[in-house]
Amino acid sequence: MSADKEPGSPESDSSPEAARAGHFVEQFVQDDLSAGKFGGRVQTRFPPEPNGYLHIGHAKSICLNFGIAATFGGICNLRFDDTNPTKEEAEYVRSIEEDVRWLDVGWQGDALYASDYFEQLYQWAVQLIQSGDAFVCDLTFDQIREYRGTLTAPGKESPFRDRTVEDNLDLFARMRQGEFPDGSRTLRAKVDMMASNLNLRDPVMYRILHASHHRTNDDWCIYPMYDFTHGQSDSIEKVTHSICTLEFEDHRPLYDWYLEKLKIDHPRQIEFARLNLTHTVMSKRKLLQLVEEDHVSGWDDPRMPTLSGLRRRGYTPESIRRFCELIGVAKFNGMIDIVQLENCVREHLNQCAPRVLGVLDPLKVVIENYPESKREELQAINNPEDPDAGQRTLPFGREIYIERSDFLEDPPKKFFRLAPGREVRLRYAYFITCRDVVRDPKTDEVVELRCTYDPETLGGKAPDGRKVKGTIHWVSTTDALPVEVRIYDHLFSVENPSDVPDGCDWLDHLNPESLNVLPDVWVEPSLANAQPGEIYQFERNGYFCVDPDSRPGRLVFNRTVTLRDRWAKIEKRQTAGK
RNA sequence: UGGGGAAUAGUGUAACGGUAGCACGAGUGACUCUGAAUCACUUAGUCUAGGUUCAAAUCCUAGUUCCCCAGCCA
């Protein structure tokens, strides 16, 4: 075979040395290229059904498919496998396109649809009838199941299997004309009722569905099954590598059967393990149920593993792509710890998120020796990881809020923050020392701290060289903005919610504390004009994304993820040790 | 009890007969005006049993465990 293939893009690397690079899918593609298959072309596709929103598992597939195309200088189509009008909606098409665009993996922006191939598919079905490879079957749903046999017992042939070509042609045409009610007949492939692979036991090719399709409207009342659509769609599009998940492995012989009977090209199908993440669910059926039963606020609820949910939560496309790269591609069906995902967003946000001071659980501090009328503008660094991010000013005054957790009356060992008599540094401001604790006489709760400051310590250092171990964040009470913050935790309290013991429901494991709204949060005034979608680091707290629910004068933030917190670990160990 | 897949540190993932490596986690320390980030070090693995071979995660045999398939869903 000649090796004069198209060179692909300049970036494509098809040198023999690269033959062992990358994961097994890349290796297969490389092998095919080296063997001169497909005319040296590589083409993939991402084929979602528009029956729900895309989730992080789809992102893995998107990155894989678009990544392979980019690596080998080929193209990747976004094709909607829209063969079931009863479950599919234009709204899902819209959201999927938005999410793929957002992920920024090189999609050209022109979606393809299996429904565009309906007429061709119909003609192919007619062709199979003519060649004696398909027949119209009058068996009911239940009868088809009964005739199919079981995993261990062979099936038996339909009594309608031997209809004449003429009868089949006539019946199939009348199915299309709408003469028969839903479920009354099917078109089936004549494969092998004895096959050990159940997909080969005369599978249904077409079913009657008097339902409006999101694109073809009422043009059709028969619709092809996925198995009779997918391979041919790939073939029409000249896809070379059809990458899908493991459960389609034993459908491959059927695709091959159709393609060979129709004598059309077919791609190499390669199966990989779908993504499973701890503390969440990934099936569209379950996600739909969460939405429909109002366990979440919608497909884009920031607790959802959907791309729109992650986006609203504050995840960036970069962080998701990085995650997909990190977890790899293999055939082992494992479960990835969700902390891997969280680390990816931390890693990216650490690079790009502007720093800001915000107090989630305010405790008032009065600096007794700071003049009542005095106000200062202090300089703060916007992002220590990015010198170009510049500086901003922070108003400082006599009364401030600090984080309640930064004060302890009876501090344990290694607690470096504020306590009676202790000195800490206020970020970008002065050293303060706690002199007195004010309590609510009724509840005994600490409501205020009386402190003094050292005017010589502005800039973070004391002239006498004394050190403080702790630096805490704060906001000026007279300048700070009140905002709402939504704190999220895992949607499910167990690692694998789909693993349900007898008598339990997967919904039993919903985490009742997955959403915690903090109504009384104060942030520095520089945030006044923050826009939805912007992500900030609240120093020492975490990353927070401005939610679209924000209104003028009332910002709403979603906590994307906390910062790593060594103190929390130490504290946990100390309490566990007691 | 049919068919199709898969098993490598806690979790993922490399190693393609020739030193079992990497990331995250976990642990220790350094540094630090974020207990963040950064840096250094440590920890820990080939499902089992046989066999082939100078040499096996890799090849062979037999077992074990897990996942998928009985939609007119995809």
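Hydrogens, waters and symmetry mates play no part in the numbers below; they use all other heavy atoms, side chains included. Order of the sequence lines sets the chain letters (A, B, ...), proteins ahead of strands, with each chain counted from 1.
Base orientation of G29(B): anti, the glycosidic angle falling outside 90° of 0.
Distance from the side chain of Glu88(A) is smallest to A74(B) among G35(B), A70(B), A74(B). Listed nucleotides G4(B), G35(B), A74(B) differ in distance to Asp81(A); the shortest reach to its side chain belongs to A74(B). Checking G5(B), G35(B), G2(B) against the side-chain heavy atoms of Ser196(A) singles out G2(B) as nearest. Among the nucleotides A70(B), C33(B), A36(B), the one closest to the side chain of Leu563(A) is A36(B). With distances taken from any side-chain atom of Lys461(A) to the nucleotides C73(B), C67(B), C33(B), the minimum falls on C33(B).
In this entry the distance linking NZ of Lys331(A) with P of A6(B) reads 5 Å, nearest Å. A straight line from CG of Leu288(A) to C1' of C73(B) spans 13 Å, rounded to a whole angstrom. What separates CE of Met335(A) from P of A7(B) is a distance of 17 Å, to the nearest Å. Per the geometry, CG belonging to Asn51(A) stands 19 Å off P belonging to G71(B), to the nearest Å. In this structure, the CD atom of Glu539(A) is 13 Å from the P atom of A37(B), given to the nearest Å. Distance NZ (Lys469(A)) to P (G35(B)): 10 Å, rounded to an integer number of Å. Atom-to-atom, NE2 of His23(A) to P of G12(B) comes out at 18 Å; the value is rounded to the nearest Å. Here C69(B) presents its C1' atom at 8 Å from CG of Asn197(A), a figure rounded to the nearest Å.
Comparing the same atom, C1', in G25(B) and in A15(B) gives a spacing of 22 Å after rounding to whole Å. Rounded to whole Å, the C1' atom of C59(B) lies 26 Å from the corresponding atom of G3(B). Rounded to whole Å, the C1' atom of A20(B) lies 23 Å from the corresponding atom of G27(B). Comparing the same atom, C1', in U65(B) and in A49(B) gives a spacing of 15 Å after rounding to whole Å. Taking the C1' atoms as reference points, C54(B) lies 27 Å from C47(B), given to the whole Å. The gap from the C1' atom of U8(B) to that of U46(B) amounts to 4 Å, rounded to the nearest Å. Here, A40(B) and C24(B) have their P atoms 11 Å apart, quoted to the whole Å.
At a threshold of 4.0 angstrom between heavy atoms, the contacts of Leu357(A) with the nucleic acid are absent. Across all strands, Phe228(A) comes closer than 4.0 Å to no nucleic acid atom at all (heavy-atom distances). Using a 4.0 Å heavy-atom distance criterion, Tyr223(A) is classed as making no nucleic acid contact. Residue-level contact check: Gly470(A) touches neither bases nor backbone, having no heavy atom under 4.0 Å from any strand. Looking at heavy-atom distances under 4.0 Å, Pro384(A) makes contact with a base. Contacts of Val468(A) with the nucleic acid, taken as non-hydrogen atoms under 4.0 Å apart, are absent.
Proximity of Arg148(A) to the phosphate of C69(B): no side-chain N or O atom is located under 4.0 Å from OP1 or OP2. A close approach under 4.0 Å does not occur between any side-chain nitrogen or oxygen of Arg201(A) and OP1 or OP2 of G3(B). Applying the 4.0 Å criterion to OP1 and OP2 of C72(B), one finds that Thr140(A) has every side-chain N and O outside that range. Phosphate proximity of C72(B) to Arg188(A): absent, as no side-chain N or O sits under 4.0 Å from OP1 or OP2.
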### Query
Given the rule in the side-chain contact (heavy atoms from CB on, under 4.5 Å) test, do Leu563(A) and Tyr543(A) qualify, once you have shown the distances and angles that lead to the verdict?
CA-CA 7 Å; Leu563(A) 255 29; Tyr543(A) 297 96; 3.4 Å; yes
### Task
May I have the step-by-step check of side-chain contact (heavy atoms from CB on, under 4.5 Å) for Val329(A) and Phe24(A), ending in yes or no?
CA-CA 7 Å; Val329(A) 180; Phe24(A) 83 102; 3.9 Å; yes
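Counting heavy atoms from C-beta on, the side chains of Asp406(A) and Trp474(A) never come closer than 4.5 Å. For the pair Ile56(A) and Ile320(A), the minimum side-chain heavy-atom distance is below 4.5 Å.
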Please produce a list of atom pairs where a protein N or O lies less than 3.5 Å from an N or O of nucleotides 21-29 of chain B.
| residue | atom | partner | partner atom | Å |
| --- | --- | --- | --- | --- |
| C24(B) | O3' | Asn343(A) | ND2 | 3.0 |
| C24(B) | O2' | Asn343(A) | ND2 | 3.3 |
| G25(B) | OP1 | Arg564(A) | NE | 3.0 |
| G25(B) | OP1 | Arg564(A) | NH2 | 2.7 |
| A26(B) | OP1 | Lys569(A) | NZ | 2.9 |
| A26(B) | OP2 | Lys569(A) | NZ | 3.1 |
| G27(B) | OP1 | Arg573(A) | NH2 | 3.2 |

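In this structure, Phe228(A) has its ring center no closer than 6.0 Å to that of Trp124(A). Under the 6.0 Å cut-off for aromatic ring centres, Phe323(A) and Tyr315(A) do not qualify, their centroids lying 6.0 Å or more apart. Aromatic pair Tyr226(A)/Phe248(A): centroids less than 6.0 angstrom apart. Between Tyr122(A) and Phe118(A), the distance separating the two ring centers is not shorter than 6.0 angstrom.
Under the stacking definition used here (centres under 5.5 Å, planes under 30°), the residue Phe416(A) qualifies as stacked on the base of G35(B).
In this structure, the side chain of Glu524(A) engages the main chain of Leu357(A) through a donor-acceptor pair within 3.5 Å.
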### Query
Using Watson-Crick and G-U wobble pairs whose two distances are both under 3.5 Å, how do you write the pairing of RNA chain B as dot-bracket, with | for links to another strand?
.((((((..((((....[..)))).(((((.......)))))....(((((..]....))))))))))).....
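No hydrogens or angles were tested; on distance alone, a donor-acceptor pair under 3.5 Å links the side chain of Asp250(A) to the base of G3(B). Counting atom types as modelled, Gln27(A) pairs a side-chain N or O with a base atom of C16(B) as donor and acceptor under 3.5 Å. With hydrogens and angles ignored, no donor-acceptor pair closer than 3.5 Å exists between the side chain of Arg145(A) and the base of G71(B).
Qualifying side chain to side chain donor-acceptor pair (under 3.5 Å) partners for Thr186(A), counting only residues two or more places apart in sequence or in other chains: none.
At a cut-off of 3.5 Å, with distance as the only test, a side-chain donor of Asn343(A) or Arg564(A) sits close to an acceptor on the other residue.
Across Asn168(A) and Val136(A), no two heavy atoms sit closer than the pair OD1-N, 2.9 Å.
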